[in-house]
Number of protein chains: 2
Amino acid sequence: MKDNNDMPGHLARRFQQIAVAVFLAEVGEAGFDLTPVQYAALATIKANPGLDQITLAGLIAYDRTTITGVVDRLVQKGLAERRASRRDRRARELVITDEGSRTLRKITPAVESAQAIMLRGLSSKEGEELMRLLRKAIAAGNELSRAPMRDAQAQDR
Amino acid sequence: MKDNNDMPGHLARRFQQIAVAVFLAEVGEAGFDLTPVQYAALATIKANPGLDQITLAGLIAYDRTTITGVVDRLVQKGLAERRASRRDRRARELVITDEGSRTLRKITPAVESAQAIMLRGLSSKEGEELMRLLRKAIAAGNELSRAPMRDAQAQDR
DNA sequence: TGATATTGATCAGTATGCTGATCATCAGTA
DNA sequence: TACTGATGATCAGCATACTGATCAATATCA
């Protein structure tokens, strides 16, 4: 009888569950209130100022309907801004605020600490190997979810 | 600058996202409407007939408040039953129905196929290694989430 | 140009997952 | 036995994620 622990899907859920808990604990202890999802979105907005929501969703592989709520909360917290695009009036351009930049900078140690803690059972070589295998499996399965990863397209067509 | 792809937490989310999508696709194509979470719960009820919800939650590491809804849906679909326990009137004893057993049996090929698909980018040796590393990281982090894994306790105290 | 298809964003609805609270019941102890 | 703390279950509220729909705006092509 196949056990749950032989199912990669179950192990994936479990590891993710721990990863989220560790992230929230570390970031919370540092005095910030930001989820892993919000952090990834904010960091990606900072790295790609002015990108629209679809591009943001593609870069971090979020569903397009999820990104709306995530950006809502970033805006509500004053960490990012949503502006109407002049190039395409359907689109919203996203930029990080000063407050958002400050938060990102101050939160970095907690985020790095969280990444270390979730791998604390592994040697550093094993941690590297785990990440390599995850990246490889993800690359092969990228198109299988509704929210595949997409590179940013040049925005000045 | 650290990329999202260097973050185990991000990779975990991404892999899990693909795993869920693959599971739903395979199971759906086989004609069933069952989520990964519902599947794991149902299989665990079958393997431990009469267990209470807290024990079930512990065996598969679900939060206790999540299990209520999951069991609700299994019951609503006629796959499991919730009975008052005579040993402890606070507790609900869970049992699988005949329909539930039938469903589990018929769904197995789709579930196994899903597990294979989510690892399709890896050699079988790499797949094994990924599972080993996940299990190891999970074991070390078990207590860090609100819903750690717990063995079943003897129920006849 | 005008019809059609596509695209960016949002919404309603559903299913996980969590925090923190409440309620009933049980267990252990004074 | 009465009190106290622990436990099983549920609830309200919030944040991801998804399906499928809708709407406005853009792109494409006959």
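Proteins come first, then strands; the chains are lettered A, B, ... in the order of their sequence lines, and each starts at number 1. In this text, all values refer to a predicted model and were calculated from it rather than measured experimentally.
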Round to a whole Å and report the spacing from [atom1] of [X] to [atom2] of [N].
X	N	atom1	atom2	result
A/Phe23	D/dT16	CZ	P	11 Å
B/Arg150	D/dT7	CZ	C1'	14 Å
B/Asp88	C/dG28	CG	P	12 Å
B/Leu24	D/dT19	CG	P	8 Å
A/Arg92	D/dA25	CZ	C1'	11 Å
A/Asp52	C/dT10	CG	P	11 Å
A/Arg89	D/dC23	CZ	C1'	14 Å

Please list, in numerical order, the residues of [range] that have a heavy atom closer than 4.0 Å to any atom of DNA chain C.
range	result
residues 134-147 of chain A	none
residues 27-41 of chain B	B/Thr35, B/Val37, B/Gln38
residues 69-86 of chain A	A/Arg82
residues 9-19 of chain A	A/Arg13, A/Gln17

Are [Y] and [X] co-members of a hydrophobic cluster defined by side-chain heavy atoms under 4.5 Å apart?
X	Y	answer
B/Ile96	B/Val27	yes
B/Tyr62	B/Met149	no
B/Ile18	B/Val37	no

Would [X] and [Y] pass as an ion pair if we require N to O under 4.0 Å?
X	Y	value
B/Glu99	B/Arg102	yes
A/Arg132	A/Glu126	no
B/Asp52	B/Arg90	no
A/Arg150	A/Glu143	yes

Exercise. Under 3.5 Å, is there a donor-acceptor pair linking the side chains of A/Ser113 and A/Glu26?
Worked result: yes
Exercise. Is any side-chain N or O of A/Arg90 under 3.5 Å from a base N or O of D/dT26, one able to act as donor and the other as acceptor?
Worked result: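 Counting by modelled atom types and ignoring angles, no donor-acceptor contact under 3.5 Å is found here.
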Exercise. Would you call A/Phe23 and A/Ile117 a side-chain contact if the rule is heavy atoms closer than 4.5 Å?
Worked result: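 They are not in contact (no side-chain heavy atoms under 4.5 Å apart), so the answer is no.
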Problem set entry | Any side-chain heavy-atom pair of A/Arg135 and B/Arg14 under 4.5 Å | no
[X] side chain vs [Y] backbone, donor-acceptor pair below 3.5 Å:
X	Y	answer
B/Asn142	B/Pro148	no
A/Arg120	B/Ala140	yes
B/Lys77	B/Asp33	yes
A/Gln17	B/Ala61	yes

Problem set entry | DNA chain D contacts made by residues 56-68 of chain A, counting heavy atoms under 4.0 Å |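 Residues of residues 56-68 of chain A that come under 4.0 Å of DNA chain D are, in numerical order, A/Asp63, A/Arg64, A/Thr65, A/Thr66.
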Exercise. About how many Å separate CG of B/Leu11 and CD of A/Gln115, when rounded to the nearest 0.5 Å?
Worked result: 9.0 Å
Exercise. If you round to the nearest 0.5 Å, how far is CG of B/Leu79 from CG of B/Leu34?
Worked result: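 It comes to 6.5 Å.
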Exercise. Looking at five pairs on each end of the helix from C/dT1-D/dA30 to C/dA30-D/dT1, what is the angle between the two axes, given to 10 degrees?
Worked result: 10°
Exercise. Considering residues, nucleotides and ligands other than B/Arg82, do more than 12 of their heavy atoms fall under 6.0 Å from its CZ?
Worked result: yes
Exercise. Does a sphere of radius 6.0 Å around CG in B/Asp72 hold more than 12 heavy atoms from other residues, nucleotides or ligands, not counting ones at 6.0 Å or beyond?
Worked result: yes
